[in-house]
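The structure appears below as structure tokens.
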Protein chains: 2
Amino acid sequence: MLKLSRLTDYAAVVMAQIARHSQASHAAADLAEAVQLPHPTVSKTLKMLARAGLLVSQRGAQGGYRLARPASQITAADIIAAIEGPVAMTECSQAEGDCELVATCGVADNWQRVSLAMRTLLESVTLAHLADTAPIKLPVQLPIQTISLSAATA
Amino acid sequence: MLKLSRLTDYAAVVMAQIARHSQASHAAADLAEAVQLPHPTVSKTLKMLARAGLLVSQRGAQGGYRLARPASQITAADIIAAIEGPVAMTECSQAEGDCELVATCGVADNWQRVSLAMRTLLESVTLAHLADTAPIKLPVQLPIQTISLSAATA
DNA sequence: TCAATTGAGTACCATTTTAGTCCTGTATAA
DNA sequence: TTATACAGGACTAAAATGGTACTCAATTGA
């Protein structure tokens, strides 16, 4: 379904939770309680986010996690990449030359372009947007016209 | 990695192959040969595409598969949906009310908007685009500006 | 009417991915 | 120095995915 994995979903929720109180340090246990998810799973998610450089961790008493940079500078693509790896629609859009079907495939190039457009879209959504309880406005009818796909659009 | 499943990838390749010779009927075995993939897998993919109404099948000698409608009227979203189900980023963007974490989640609405934008993007890419050996031009820098995400864009 | 062709359907197995748990180690602050 | 809290890794269970095999049904044409 081209879905995010559950862990990625958790990551977004947890990040949003932290972003809403970005001054404080958040212990894994507190976050787990706040979002009603199992401790170990939240903990694992936090570790992945920290390793990806989106969070900084502080050990010891009064320690916890904080955003590594302002919420407006963390994108949805960052969060997804932290958990699932780089956003790419097909095998061959990640690393080129691995697919032995290139000759008969014939759609690789175009998939990569679509993939790129999706990545760009996800990069345009920031954590600040996600954490905002007021819904972001997405003029969803737009892309059809604005993202020109015809070869004529040189 | 927000990746397509391998079967979906196959589906796109096979559809493109059919689209390039849309007059003829294509036997599963021929297609498998053309795209260098195992027969049974291609066969399975074709059946899913046919059930989704993207292909029509003809049994018996000289039978095979043909496009149910012109390639320009079949979208990437159609193909993905045929194999993986509807494009949706999170559990709750498919059917509402199933997630018992709504209260603590706080990002559901915004994810749904992002999801919708992605679906729109995929709907704007047609099989005709994919099958075209000439790469489609995607002005990938555009969306950041054009797809306004700020709440100010009422 | 019969045989060859070709898709339909189903059941099944192997593999991989995903999710979740647990345990031990280490850094920090009070 | 002790309680707190993250780090890391090993491990298990469950689910999704991918692939195979086999049988049935429909169509064509000799």
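Chain A is the first sequence line, chain B the second, and so forth, proteins listed ahead of strands; every chain is numbered from 1. As a basis for the values below, the full set of heavy atoms in this structure was taken, side chains included, without hydrogen atoms, waters or symmetry mates.
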Is the phosphate of [N] approached by [X] (side-chain N or O, under 4.0 Å from OP1 or OP2)?
X     : N      : answer
A:S5  : C:dA19 : yes
B:R6  : D:dG19 : yes
A:Y10 : C:dA19 : no
B:Q58 : C:dT5  : no

Return the nearest nucleotide to the side chain of [X]; candidates are [options].
X     : options                : value
B:A27 : D:dG19, C:dG7, C:dT5   : C:dG7
A:T41 : C:dT21, D:dT28, C:dA19 : C:dT21
A:S57 : C:dG9, D:dA7, D:dG18   : D:dA7

Interatomic distance, [X] [atom1] vs [N] [atom2] [rounded to whole Å]:
X     : N      : atom1 : atom2 : result
B:D9  : D:dG18 : CG    : C1'   : 13 Å
A:L49 : D:dA7  : CG    : C1'   : 15 Å
B:I83 : D:dA16 : CD1   : C1'   : 15 Å
B:E33 : C:dT6  : CD    : P     : 14 Å
B:H39 : C:dT6  : NE2   : C1'   : 12 Å
A:L4  : D:dA16 : CG    : P     : 16 Å
B:R66 : C:dT6  : CZ    : P     : 15 Å
A:K44 : D:dA10 : NZ    : P     : 13 Å

Non-hydrogen atoms of A:L121 and B:V114 that approach each other most closely: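 Here A:L121 and B:V114 meet closest at CD2-O, 4.3 Å.
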A:A61 or A:P40, whichever maps to the more 5' nucleotide of DNA chain C: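 Final value for this comparison: A:P40.
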salt_bridge(A:D78, A:R69) N-O dist < 4.0 Å: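 Yes, this pair counts.
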A:S25 and A:Q58 side chains, donor-acceptor separation under 3.5 Å: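 Checked: A:Q58/A:S25 side chains show no N/O donor-acceptor pair below 3.5 Å.
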A:T75 and A:E123: side chain donor to acceptor below 3.5 Å: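 No donor-acceptor contact under 3.5 Å links the two side chains.
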Sugar-phosphate only, base, or nothing, as touched by B:L46 at under 4.0 Å among non-hydrogen atoms: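 No contact.
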Sugar-phosphate only, base, or nothing, as touched by A:A50 at under 4.0 Å among non-hydrogen atoms: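 Nothing, no nucleic acid heavy atom in range.
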Check: B:K47 side chain, C:dG7 base, donor-acceptor under 3.5 Å: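 When only heavy-atom distances are counted, B:K47 does not reach the base of C:dG7 through any donor-acceptor pair under 3.5 Å.
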Donor-acceptor pair (no angle test) under 3.5 Å: A:R59 side chain, C:dT26 base: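 Looking at the base of C:dT26, it does pair with a donor or acceptor on the side chain of A:R59 (distance under 3.5 Å).
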B:D9 side chain vs B:L4 backbone, donor-acceptor pair below 3.5 Å: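 It does not hold such a pair.
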